[in-house]
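Notes to accompany the following structure.
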Amino acid sequence: MYPILEARELTNNIYFMIVKAERVAKNCLPGQFIIVRSDENAERIPLTICDYDRAAGTITIVFQVVGAGSLKLAQLKAGDAFHDFVGPLGQPSEFCKMPLEELKQKKILFVAGGVGTAPVYPQVKWLKEQGVPADVIVGAKSKSFLILEEMMASVAENLYITTDDGSYGRSGMVTKCIEDLISEGKEYDVCVAIGPMIMMKFCALTTKKLNIPTVVSMNPVMVDGTGMCGGCRLTVGGEVKFACVDGPEFDGHLVDFDQAMKRASIYRTVEGKKFLEAKEGDTHHGGCGNCGGDK
Amino acid sequence: MDVFKKVPVREQDPQVRATNFEEVCYGYNAEEAMAEASRCINCKNAKCITGCPVNINIPAFINEVKNGEFKKAFDILSCSSALPAVCGRVCPQETQCEGLCIRGIKGEPVSIGKLERFVADWARENGIKPEAPANKNGKKVAVIGAGPAGLTCAGDLAKAGYDVTIFEALHEAGGVLVYGIPEFRLPKEAVVKKEIENVKSLGVKIETNVIIGKSVTIDELMDEEDFKAVFIGSGAGLPKFMGIPGEQANGVFSANEYLTRSNLMKAFDPNSTTPIFRGKKVAVVGGGNVAMDAARTALRLGAETHIVYRRSEAELPARVEEVHHAKEEGIIFDLLCNPIEILQDENFAVSGIKCIRMELGEPDASGRRRPVEVPGSEFVIDVDTVIMSLGTSPNPMISQTTPGLDINKWRCIIADEATGKTSKEGVYAGGDAVTGAATVILAMGAGKAAAKAIDEYLQDK
């Protein structure tokens, strides 16, 4: 069992938890993820790592409730425990393998969308610890959906917040913010964009135009997270890759986003969810946001 | 009784079992087992033993069954195998022990597998467990993977007095026995869990949710956690796909994913929260045991199910019994045809599988006749689900993170066949991680050989 030391709702169904998981905390690096199960009958749910404390042996996770599985997680409180908590999974970010001198030459821009702010934070923090400054754009639907602002401000060289409705910070999508920064005279050698698939797709299109190499982090459906099921496969530069062992980070200019979004659509669109409910019959237990199984 | 024929084993009616996940084969009762055991002529030079990858003393245990001494029979099995109830169910006996049985020359071989199963089931039902050794040497050995290879290696080392910890990546021990082989062939609660409990009762510790190469490396286990030797039995790896158009459509799964959802995550059970596609018409591509398992699972979930295989029936790699059971249950075999495209509808969902007819040409490197396409013979099978069962390629997580551990051009770990010794001192390996996808019993054989070699290596340490 993996005890939950702290648990709270950040905003609008986005939850923050600190969990004791010593083996994971000892070896995890920015870019990696974990898989949890709330109890012995629960689904395996992959979640990004938002922070880690090696001395305390803890991992911080931040997740949004999207279906029955994550709702069950959200109901856990400090003092409860996860039945299973495994990781770190996936490859660490490219930076972690780069020689420090080379890394220090890079002008890095992070673009975080919504709950994607959580996996961006440990990357920026890690870079700051190495003495590498990085700029961060955080995009949210509106002010009330913004998370981790203070934490991010404490590690980012410059933090630019933009909201779709202009209720806080700059106004407009993250792509507009990228373009504005460039036209304001900023220069970047590399961009890391993490957020909803549609946001990453348009970030990649924008940075392609601006000629900035871009890394994205993919979070498709998976079962085991160790390469065994192949459910997380996606096409990158014409080759089939498994997000869990080859990723989750890939070259954003090579990822076939349209295909990845179609694969994900059954979990994310109204038509897709209806389709899923019909296909899964009595093995359907919610997750579609449609059937009431989530409530 | 006809001594040339096996005592028939009772099975669940095909029509009934096609709709449930209960075990297909009921096994022998004591009377049937003793009758079958009496067919063994107790050869002096028993060929069956040499056909067994873990060299069970087959005539000796069968002789005890014949005399009704089932406890003694179990003790003989336990000397060689940690998982007899599993092996009695899933070993390919027809190509191993039973394939070499002298009885088989004139009639049917002795039903060694069913007898093994009977003895193991009897022991379990009567609460008989192997005992932990009295003398422990305190030396720590790490075993990676709680599948057939790892459980066997760990069991043998524990019996020899070692302090053994198995590290398992998934949340449950058993490896392919829990995620791969379906309930109706190998009951999880009644059989697999109990045999794993038996291994634990020898003193073996199992730590789940640890991914070697990620949560901790082999070097850290040896340098920081004081493990004197390591056995890698990490299993098969990443599922292969065909590389044909449409393979990313919704409704295309690897057999690994489909079976893991159903077996490990128990998606077929209403209490589970893991979903699974319940296709109306399912095509399973491939002809091995895994393909049969996936097809028979899909059938039980209510689908009209087709096996699509590019060679003919004679070349099917699956066990004869599995093919026979699949046919009895109503699986449709589309042989000598090969998929060339997966068709999809406007919602990106599978709507059919386009195949081309094949014919057999000259033998290829494997000795089997090479299938060649028949030009112009394309046709479409209307299906809404496709399950790819084409084998696996090795998982890179351990090899990438273990300096000094050599792999071959197929990325399998290189290990000595007789001892499991790898290029890295103190590190041994066996099972699918070394050979590529094979059988439960071959993995157990490798685990056993490695346990012996590790014991010899650590004697001097």
Side-chain angles (χ1 to χ4, degrees), chain A residues 2 21 23-24 26-28 32 35 37-44 68-69 72 83-90 222-231 233-235 240 242 245-246 256 259-260 262-266 269 271-272 275-276 278-288 293, chain B residues 169-172 179 207-211 214-217 220 235-241 243 247-262 264-280 301-302 344 347-349 384-385 388 392-393 395-397:
Chain A
Y2 303 82
R23 284 200 187 273
V24 187
K26 181 161 183 261
N27 277 330
C28 70
Q32 294 184 296
I35 284 184
R37 291 206 315 154
S38 50
D39 62 70
E40 62 176 342
N41 292 317
E43 246 184 299
R44 292 172 67 92
K72 229 167 157 184
H83 195 274
D84 300 286
F85 194 99
V86 61
L89 293 155
M222 58 181 73
V223 183
D224 60 294
T226 65
M228 211 175 76
C229 81
R233 65 192 185 276
L234 67 164
T235 307
V240 174
F242 288 5
V245 288
D246 301 315
D256 185 339
Q259 184 189 71
K262 280 182 192 160
R263 268 183 79 71
S265 69
I266 55 171
T269 67
E271 304 75 37
F275 167 81
L276 195 64
K279 284 292 174 202
E280 293 174 348
D282 64 3
T283 75
H284 182 80
H285 311 287
C288 71
Chain B
L170 290 173
H171 55 262
E172 203 170 311
Y179 78 74
E207 194 179 333
T208 53
N209 295 325
V210 182
I211 301 175
K214 297 284 179 190
S215 313
V216 62
T217 63
E220 286 170 330
L238 283 53
K240 288 182 186 162
F241 288 89
E247 233 171 353
Q248 308 288 356
N250 285 320
V252 181
F253 301 93
S254 71
N256 266 5
E257 176 176 356
Y258 195 75
L259 289 169
T260 300
R261 283 179 183 275
S262 181
L264 175 72
M265 305 308 296
K266 307 208 175 340
F268 69 86
D269 178 344
N271 292 323
S272 160
T273 46
T274 298
I276 192 167
F277 254 48
R278 296 196 98 151
K280 288 199 170 53
L301 289 169
Q344 41 194 289
N347 294 322
F348 202 60
D384 58 10
T385 308
M388 292 293 179
T392 57
S393 62
N395 195 315
M397 284 195 296

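Per chain, numbering begins at 1; letters A, B, ... match sequence-line order. The basis for the numbers below is simple: all heavy atoms, side chains too, and nothing from hydrogens, waters or symmetry mates. Bear in mind the structure is a predicted one, so any value in this text is a computation, not a measurement.
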Of B:A236, B:S254, B:A249, the largest count of non-hydrogen pairs under 4.5 angstrom with chain A goes to B:S254

What residue, out of A:M222, A:H83, A:K26, has the most heavy-atom pairs lying under 4.5 Å from chain B?
A:K26

What residues form a side chain to side chain contact (heavy atoms under 4.5 Å, CB included) with B:E172, not counting sequence neighbours?
B:V178, B:K193, B:L264

Relative to chain A, which segment of B:S215 carries a heavy atom at a distance below 4.5 Å: side chain, backbone, both, or neither?
both

Go through the side-chain N and O atoms of B:Q248 and A:D256 and say whether any donor and acceptor fall under 3.5 Å apart.
no

Might you point out which heavy atoms bring A:L89 and A:I35 nearest each other, and give the distance in Å?
CD1-CG1, 3.6 Å

Measure the CZ-CZ distance between B:F241 and A:F242 for me, rounded to the nearest 0.5 Å.
5.0 Å

Less than 4.5 Å to any heavy atom of chain B: does that hold for the side chain of A:V245, its backbone, both, or neither?
side chain

A:F85 versus chain B, heavy atoms under 4.5 Å apart: side chain, backbone, both or neither?
backbone

Step by step, would you call A:V24 with A:Y2 a side-chain contact (heavy atoms from CB on, under 4.5 Å)?
CA-CA 11 Å; A:V24 187; A:Y2 303 82; over 6 Å; no

Any salt bridge between A:R23 and B:E207, counting N to O under 4.0 Å?
yes

Proximal component of A:K262, with respect to chain B [non-hydrogen, under 4.5 Å]
both

Against chain A, work out which of B:L259, B:N395, B:L238, B:N256 has the most heavy-atom pairs shorter than 4.5 Å and name it.
B:L238

Do you know which two heavy atoms are closest between B:L301 and B:R278, and how far apart they sit?
O-NE, 3.2 Å

Given heavy-atom pairs under 4.5 angstrom as the criterion, report whether the side chain, backbone, both or neither of B:Q344 touches chain A.
neither

Assert top hit (heavy-atom pairs under 4.5 Å, partner chain B, pool A:N27, A:N41, A:T226, A:L234) equals A:N27

Can you tell me which portion of A:E40 sits under 4.5 Å from chain B's heavy atoms? Options are side chain, backbone, both or neither.
neither

So, are A:K72 and A:D39 salt-bridged, with charged N and O less than 4.0 Å apart?
yes

For B:L170 and A:D224, the nearest pair of non-hydrogen atoms, with its separation, is CD2-CB, 3.9 Å

For chain B, find which of A:A21, A:G225, A:A42, A:C28 contributes the most heavy-atom pairs closer than 4.5 angstrom.
A:A42

Pick one of side chain, backbone, both or neither for B:Y258, based on which atoms fall under 4.5 Å of a heavy atom in chain A.
neither

Identify which part of A:R37 has an atom lying under 4.5 Å from any heavy atom of chain B, answering side chain, backbone, both or neither.
side chain

